[in-house]
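Atoms considered below: every heavy atom in the structure, side chains included; atoms not considered: hydrogens, waters and symmetry mates. Proteins get letters first, then strands, A, B, ... in listed order; numbering begins at 1 in each.
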Amino acid sequence: MPDAFEIRDKAINVDDLMERIRTSIDNKKKSQIYIEEPWMMQDITRPHTGMGTQRTADMLAMLRIAGRLDLEGEKITSHRRLWGSLIVALKRITRFWVRRYTDAIFFKQNHFNLQIVDVLAQMNQQLNEVKQENEQLKAHIAASGAGGSKPDDH
Amino acid sequence: MFQYKVHQVLPNMEYGDAISNYALLLQQTLRRLGFQSNIYAQYIHPRLRRNTIPLASMSRCAADEKIIWLFHYSIVSDITRQMREMRGRVVLLYHNITPPDLSIGGENFFSSKLYAGLQDLKSFVDIPVMAVGSSAYNMKQLESVGFKRTEILPIILNYSLFDRAPDPAIMHRFNDGMVNFVTVSRIYPHKKIEDILRVFYYYQNLINPNSRLFIIGDSKGMEWYYDQLINFHHKLNLQNVIFTGRVRFRELIAYYRLARIYLCMSEHEGFGVPLLECMYLGIPIIAYNCSAVGETLDDAGVLVNEKKCGEIAELAHLILSDQDLRTRIINKQKDRALAFQPDSLISRLQKILALAAQ
């Protein structure tokens, strides 16, 4: 089994270091100041709401980001040395006039995108609530069926 | 050999990006060796336009057989298709693709891009004359994908850039005697920033409350993970944890100069450029031993085989307080950093080019 640490410099005594570390930790444990809560070691990339729920939440988050349209667009640049400034100026003028017509459409699209994601999020929440209710009912039925009376008894 | 030109191709030339800096340094080295060498890229940061040619111009050289194309591969792009049309000799420089299963559940946009990158790489096996990994770990990955002729060419760093003056505002703000921990990476799930928060929690609460943690890196595309980290850090009730986001180069230098120790708990690294930076700047490193981390550090730094946060924090305390231990680690790291200078790798580069030209 490999050591907890590897210091490949042979001049450094790793065993001595480990001994000092363990002594320090033991002292802290004896003083009852060393705390290890289970929640601290949980995988934060997988909150405990179930894989499927987390995946949907991730996708909704991504949709929210993707749905936001960047109206400014890419920065206008040109790699040409001599004509670059002129090209940039012409591109800026073109963008200005095109945006006078397209901005209204993009605003509407942007609004629609975000509304749709909100609706999906609400539907997702309702679905999760229904699922939870379903699980509770199943558990209740299973419990009634296990300890309750049989039809022939009546 | 000099009858060949050696050009580089990559999807993005980003200012401050490790692969972009490597491409620039490689270009300087190639020109010093007497080669005509250009860099072609799809996206070019405005500050790099002087050194880079738009990818569209590459088609003019498509028929030239006397070109060795160094194709930097780290992400799926349309360049793979374009490289098939080049008559010259293609050498793949592989910078590693994170395994998709290390991102969330393998079923989201980022994971799908990673998966697409691996598939794209597999489809490209028959084109390059050689595939070069930046580490033995990367080279093995290339071989597992199906590349027959492989070599290693570690990433080189222009250390003189790190001798520049740090950002004075950050130095003024944070040079206050607190013990500063630092980590530098993209805020991606496989980087396991939460493990660094756990180690820091132990250190700050049980060893030294007068401490600060800088988490330097961009979370673009991983905003959900960033939210989880913020929530977790609030739950731990940590003080003085600073998520800097993306920083300018002089700001990065300032954070490095303020740092007393570097933590890396990442569970996948194709090479680990920040490790080189820390080794050069004299910041002791504690890093989780996985993928190429052990290879990059070699006999320098401290490798952690088990993530026992209490033990790691206690070790950090020993390194910070035991001057003799600290000095030994730093000196060993500085020696190791020398192996990644351009001059150290010229012979390997020449060998790769000679093999490619055969």
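Here NE2 of His317(B) is found 10.5 Å from CD1 of Ile21(A). Values are rounded to the nearest 0.5 Å. For the atom pair CG of Asp9(A) and CZ of Arg336(B), the computed distance is 13.5 Å after rounding to the nearest 0.5 Å.
Neither the backbone nor the side chain of Asp227(B) comes within contact range of chain A, judged by heavy atoms closer than 4.5 Å. Contacts between Leu197(B) and chain A at a heavy-atom distance below 4.5 Å are absent for every atom of the residue. Within the 4.5 angstrom heavy-atom criterion, no atom of Lys308(B) approaches chain A. The part of Leu318(B) that comes within reach of chain A is its side chain, from C-beta onward, which places non-hydrogen atoms under 4.5 angstrom from that chain. The part of Arg49(B) that comes within reach of chain A is its side chain, from C-beta onward, which places non-hydrogen atoms under 4.5 angstrom from that chain. Looking at Ile53(B), neither its backbone nor its side chain comes within 4.5 Å of chain A, counting heavy atoms on both sides.
Counting only heavy atoms from C-beta outward, the side chains of Phe5(A) and Asn289(B) never approach each other to under 4.5 Å. Ile329(B) has its side chain within reach of Ile12(A): a pair of non-hydrogen atoms, C-beta onward, lies under 4.5 Å apart.
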After noting the C-alpha distance and the side-chain angles of Glu314(B) and Lys28(A), does the key distance pass the side chain to side chain contact (heavy atoms under 4.5 Å, CB included) rule?
-> CA-CA 11 Å; Glu314(B) 292 284 349; Lys28(A) 288 179 174 72; 2.9 Å; yes
After noting the C-alpha distance and the side-chain angles of Arg20(A) and Asp322(B), does the key distance pass the side chain to side chain contact (heavy atoms under 4.5 Å, CB included) rule?
-> CA-CA 12 Å; Arg20(A) 288 159 74 181; Asp322(B) 185 333; 3.4 Å; yes
Steps toward side chain to side chain contact (heavy atoms under 4.5 Å, CB included) verdict (Leu297(B), Glu6(A)) = CA-CA 11 Å; Leu297(B) 289 177; Glu6(A) 270 181 59; over 6 Å; no
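Of all non-hydrogen atoms in Glu311(B) and Ala4(A), the two that sit nearest each other are OE1-CB, 3.8 Å.
The pair Asp299(B)-Lys10(A) does not count as a salt bridge, with every side-chain nitrogen at least 4.0 angstrom from each carboxylate oxygen.
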